[in-house]
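Below is one structure, written out as structure tokens; comments come after it.
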Amino acid sequence: MNRPILLATTLAALAFPALADEPGPGGSKPPVPKTGEEVYVMMCQSCHMAGGKGAVGAAAFPALANNPRLGTAAYPIYIIEKGKGGMPWFRDTLTPTQVAQVVTYMRTHFGNNFPDPVTPAEVEAMRKP
Amino acid sequence: MESGRQTPTRRQLMRAIGLLGGTAAIYQMMTTFGHAAETRFPGPPNLAGARKGASVVVLGAGLAGMLAAYELEKAGYKVRILEFQDRPGGRNWTLRGGDTYTELGGATQKVTFAKGNYFNPGPWRIPHHHKTLLHYCKAFGVALEPFIQLNHNTYIHNTDAFGGAPQRFRSLKADFEGGVAELLSKAMDQKGLDSPLTSEDLDRLKEALRGWGMLDKDMRYAKNLRSASHRGFDLPPGGGVGGAPQPSDLFPFDEVLKSGVWANMAFFMNEEFQTTMFQPVGGMDMIGKGFAKHVGHLITYNAKVTKLMQGKGGVTVTYTDTAKGVVSTAEADFCVCTIPLTVLSQIETNLSEKKTAAISSVPYSNSVKIGLEMKRRFWEQDYDIYGGHSFTNQEIGLISYPNNKFFDDGPAVLLGAFAGGPGGYRLGGMTPEERIQVALEQGSVFHPDSYRKEFLSGASVAWSRVPWVMGCCARWNEDTRKEHYQELVALEDRIVLAGEHASYLGCWMEGSLLSAIDAITRLHKRALEA
């Protein structure tokens, strides 16, 4: 159970030597989100805001609430897997199951009504090189 | 040593070698002397011969923009700066008592720290080899003081080691080194070391292991005064009748490994994090204010850039005065754009497709910092900790103790979190009140008796929610560097980008300054060719 996490942390440490002013070795064991809602709250809400409202400052974080673009599941999966502009990709951080869970959650909340559940297989298909 | 006439000085020697072998030989010689380059600071830019009346519009009054404006104006250019915020400095920022900060999502925090107390949400420490920054600090009279980067008396906490009990860094480091030295020595005895070393080398290595790992005469790392002199004593040396010291018990080596102390040791060896480090006296924004003293008169505040266009005649920037809602344009011959890529990627421009692709291809990190004001310096008074960091594998990452006003009686502010990655996202998704609660809960592992009891107030900055940057720093990797970096930094006719995102020193003030010097040097050359 712990092994993949430990391995992932170690590999990340090897891949990104701390060239930036970053926290260092702390914070290596954050809680693991287990539902779509938890993934949203723990990973997405810091930018897309509670309720998927989005925000406007010098630029904008798009609202996910009442967003017809979520109608095509491949679109949010693609953005989460590949990133967009200042938004990082999450393919290294989230498992296919977690991505499927959060996309399903966003498509059925915040005023969106796209009830077809998204499967981890759909995410894995996009993750293949 | 006598400086006799016969002995050439090092400089003379290097000159002679240089004449014989060229610069490669000089470099090799300097490396031998331990003088390998630690900095890329070429000195302030030489922008001689600027055409009279040539104009530059600088976008952004962070350090990169203000350095560009300062040097360009000094060289004779007509300069103006457009800034989104109502203050100069950008991410070079300090929050003090009386300050108010509203983040994206609408939450407003009113900082209530005592007079003189502060919290640096962005940059907070300066490596001794960031010479560009040090140069301008000196030039602008910004006083610096030591930043206590490495303190052996702080704690390492790992939920998976020692039943979750934090341990002093010194004891973990000593036991890690002692344990490794003993194991390696045993491997040598069992001929388990497959190595081309000669028997003399191996003898030296054994002596090194004994001396470095504090092994005893039998090459064992054991409970004795030798190991205690590194890891700490049960009863430290005293005076008089009962003055004899008592050694301390060693930790089980498997727990030491689980603590992950090696990662902390490696962190402190990273060149950017080696001592000596500095901080400005009175808060990090003293640097931004130092620059603003010289270029403040050039800045138009509350200017939200909405369009950046260039043509044969020059550059036109469209911006909205966010206080009055009025749209205006600024015209200039050239433009230095330091707008963070998170924002620039959403601004309309007529830059080339390749440049636009580069601007849109760099994700930003997301760190969260939290300042906690405590009624008294219990970490000094009760724990003998003066500056430095205690690390934890919980989301807050670390707590860091103040580097100034040691022994002061009044309230003091410590850094209660420096969270990145998933932990940073979770803290960033919380309300400011929730963040403070998490910081108090997680930080209490280090100081359980005092942390909540002495707490007065807190302030937090989640960088993804900072309205004027919407992220922390540009995160390049090898692939994006290869595909987009040169395209991003290339001068495109009349426009050049600068900032930490246009450097290999991302997230450091030094990176933004070096980028600005390089950008305006190239822009000046272009201007002379015009």
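The shown structure was predicted, so the numbers you read here are calculated from the model rather than taken from an experiment. So that the names make sense, note that chain A is the first sequence line, chain B the second, and so on, each numbered from 1.
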Contact class of B:Val362 relative to chain A, heavy atoms under 4.5 angstrom: backbone

Please say whether more than 12 non-hydrogen atoms of neighbouring residues, nucleotides or ligands are located less than 6.0 Å from NZ in A:Lys82. yes

Counting heavy-atom pairs closer than 4.5 Å to chain A, which one of B:Gln85, B:Lys304, B:Glu103, B:Arg125 comes out on top? B:Arg125

Sort B:Ala462 into side chain, backbone, both or neither according to what part of it lies under 4.5 angstrom from a heavy atom of chain A. neither

Please examine the side chains of A:Pro31 and B:Glu395, heavy atoms only from C-beta on, and report whether any two atoms are closer than 4.5 Å. yes

In short, B:Arg465 meets A:Met49 closest at the heavy-atom pair NH1-SD, 3.3 Å

pair B:Pro422-A:Met43: side-chain heavy atoms closer than 4.5 Å: yes

Shortest non-hydrogen separation from B:Leu104 to A:Val56 and the atoms involved: CD2-O, 3.5 Å

CD on A:Gln45 to OG1 on B:Thr431, rounded to 0.5 Å: 9.5 Å

Any idea which heavy atoms bring A:Ser46 and B:Gly429 closest together, and the distance? CB-N, 3.5 Å

CG of B:Asn158 to OG of A:Ser28, rounded to nearest 0.5 Å, is 6.0 Å

Hey, which of A:Gly83, A:Ala50, A:Ala60 has the most heavy atom pairs under 4.5 Å with chain B? A:Ala60

B:Phe391 versus chain A, heavy atoms under 4.5 Å apart: side chain, backbone, both or neither? side chain

Scored by heavy-atom pairs under 4.5 Å with chain B, the best of A:Lys84, A:Lys53, A:Met42 is A:Met42

Turns out that what part of B:Leu341 lies under 4.5 Å from chain A's heavy atoms comes down to neither

In terms of heavy-atom pairs under 4.5 Å with chain A, which of B:Ser360, B:Ser367, B:Ser400 leads? B:Ser360

Looking only at heavy atoms, what is the nearest atom pair of B:Met470 and A:Ala58, with distance? SD-N, 4.1 Å

Is the closest side-chain heavy-atom distance between B:Tyr425 and A:Pro88 below 4.5 Å? yes

Please check if atom CZ in A:Arg69 has more than 12 non-hydrogen atoms from other residues, nucleotides or ligands closer than 6.0 Å. no

Below 4.5 Å, heavy-atom pairs only: which of B:Leu344, B:Asn264, B:Leu427, B:Thr342 has the largest tally toward chain A? B:Asn264

Examine whether an atom of A:Phe90 lies under 4.5 Å from a heavy atom of chain B, and if so say whether it belongs to the side chain, the backbone or both; otherwise answer neither. side chain

When only pairs under 4.5 Å are counted, which of B:Gly260, B:Pro467, B:Gly424, B:Gly471 shares the most heavy-atom pairs with chain A? B:Pro467

B:Thr392 versus chain A, heavy atoms under 4.5 Å apart: side chain, backbone, both or neither? backbone

Take atom CD in B:Glu434; do more than 12 heavy atoms of anything else shown fall under 6.0 Å from it? yes

Tell me, for B:Thr159 versus chain A, whether the close heavy atoms (under 4.5 Å) come from the side chain, the backbone, both or neither. side chain

